[in-house]
Amino acid sequence: MKTIKNTILTFFSLLSIITCAQQKEKNKHQKKPNVLIIFPDQLRRYSAGFWREEPYKSLAIGKTDPVITPNIDKLAKNGVVFTKAISNFPLCSPYRGMLMSGMYPEQNGIWNNCKVGREHSLKDDIPTIPSLFLEAGYNTAYIGKCHWLKNDPLFDEKGNYVGTTKAPGGHYVNKYDTYIPSDQRHGIEYFYQALKDEHYNPHIYSNDPSVIEGKKDGELHLPKIFSPKNEANIIINYLKNQNKHRDPSKPFCMIWAMNPPHNPWDDKNTDMEVLHKNYDKDKFPEINEQLVVRKNADKEVAKYARHYYANVTSSDHYIGLVLDELEKSGELDNTIVIFSSDHGEMLGSHGKTGKNVVQLESLAIPFIVHWPKGLKPGIQDIILSAPDVLPTAMGLAGIEHQIPTSIEGTNFAPILKDEKTNLKKPKAALIMLGNSRGVQTDRYTFCVEENKKQWDKKKAKSVKQVFFYDNEKDPYQLHKITMNEDPKTCKKMLGTLATLLEKTNDPWFQTKKYSELIPY
């Protein structure tokens, strides 16, 4: 009798183990997709190798850069490439505010770069990508550059956060970016912040003492490592879950905000091994049209091209290491990898460096969605805006029902997943600058520029110029078409602009600015 009883107990024990294993396997297959958003700073749309190949080459506006990016290329060829994504406000903080919140500047709080002496700051009481994915049962992580918080002197002389302007506080850690305290992280669980534009001397703050020599959250750590390499190591450790910082049964949502290829562009801040291997004088003897390919570029202004491209290629390498780890762990197929940038880089075009101008080299950004399990590779011509990233990511992840009504961006997941939908592609996107508003359409870049400088605190009282570029006929935007030259197109663009200003609750709409020109 005892033997029969033991046999029955053993049978039910084995049955329980098998059932548990089956449930785990079922849960594994039902697990929501991970989300990994990667955006290097100041990477222009056409700084990737795949643009030199068909079918992408014929869709590019003008010539594309001679950069080597095997890992970005692989993402593109096995993912969905957006050919018309733009940075609506091509400046670091305004873009990040829109990306994080899915809202336009008037609603999220950031109308300019966060900097000493400015009040711009991401509002604390609004939903963001990390907070919404956390609520949806995700582990959340943020690695890299933040640049969304008002910069106050809340540090001691050594760069440690003390939270007060009184001694030992009263010091800044950096002119632009600043440390994000735990109560302003918008649902980020694992936090590893890198600030300061010194690529081999990132200033690190983290809530993981094991990666900052046992220091506390808010204490400055200086690893003296090339920032993409350093961040890739941190991410790989997180993916391996070596320090048990996440629940492996949960999906993760991670944002990786790299600093390169943002300036400075010099030997001290560049992966020189990559430069010597790929872009030195043995391959490009001069900084000429072979290296700086766009016909509107001043080669003398673009003398930093070797350094810019080298840091693009180096960043690509470290992105590849992270993707390799995802593949080794079996998670890559079920990870929505979104690759983009906060804005472009002029690289000598129109005699300019940097960004924050209305020309395409500044506005046009890369945007790739790679998700083997959920999306077929292809090309998408949606005019994607920064606020669209949040709802689209949530839609792809299957949590679209949790998108708050306050979110202003559009969830384009149904189009990407080729589902039946009444959703229409936008015909235009809003462009914002410190002294301008404009519209980007399939064909035109349209701008209304005020008679003031971007940083001038005095309000403008008049319009300096109204113009547009025909990117189809004039891919390098060498000719501004004025109201006098084409009043019909300008009138149409002004009507579109009025609609977008109202839709985004823009200050220009609130005061009906230039109503004699813009038909609100």
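Position 1 is the first residue of the sequence; numbering continues from there.
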Practice task
Could you point out which residue of Asp316, Val80, Ile338, Ile368 forms a side chain to side chain contact (heavy atoms under 4.5 Å, CB included) with Leu75?
Solution key: Ile368
Handout entry: Charged N-O contact under 4.0 Å between Glu450 and Lys513
Key = yes
Handout entry: Side-chain H-bond candidate by donor/acceptor type, Asp197 with Asn259, under 3.5 Å
Key = yes
Completion exercise
Between the OG atom in Ser314 and the CZ atom in Phe226, the distance rounded to the nearest 0.5 Å is 4.0 Å
Practice task
Determine, for Asp41 against Arg96, whether the closest basic-nitrogen to carboxylate-oxygen distance falls under 4.0 angstrom.
Solution key: yes
Problem - From Gln477 atom CD to Leu360 atom CG, the distance as rounded to the nearest 0.5 Å - result: 4.0 Å
Problem - Arg294 and Glu361 ion-paired at < 4.0 Å - result: yes
Completion exercise
d(Lys115 NZ, Cys92 SG) to nearest 0.5 Å is 13.0 Å
Problem - Ion pair Arg44/Asp65, N-O distance below 4.0 Å - result: yes
Handout entry: Pairs satisfying side-chain hydrogen bond (donor to acceptor under 3.5 Å, both in side chains), at least one member in residues 381-394, at least two apart
Key = Asn88-Ser385, Asp381-Lys425
Practice task
Measure the SG-CZ distance between Cys146 and Arg185 for me, rounded to the nearest 0.5 Å.
Solution key: 8.5 Å
Practice task
Determine, for Lys196 against Asp177, whether the closest basic-nitrogen to carboxylate-oxygen distance falls under 4.0 angstrom.
Solution key: no
Handout entry: Plane angle bin for Trp51 and Tyr46 - parallel if under 30°, tilted between 30 and 60°, otherwise perpendicular
Key = perpendicular
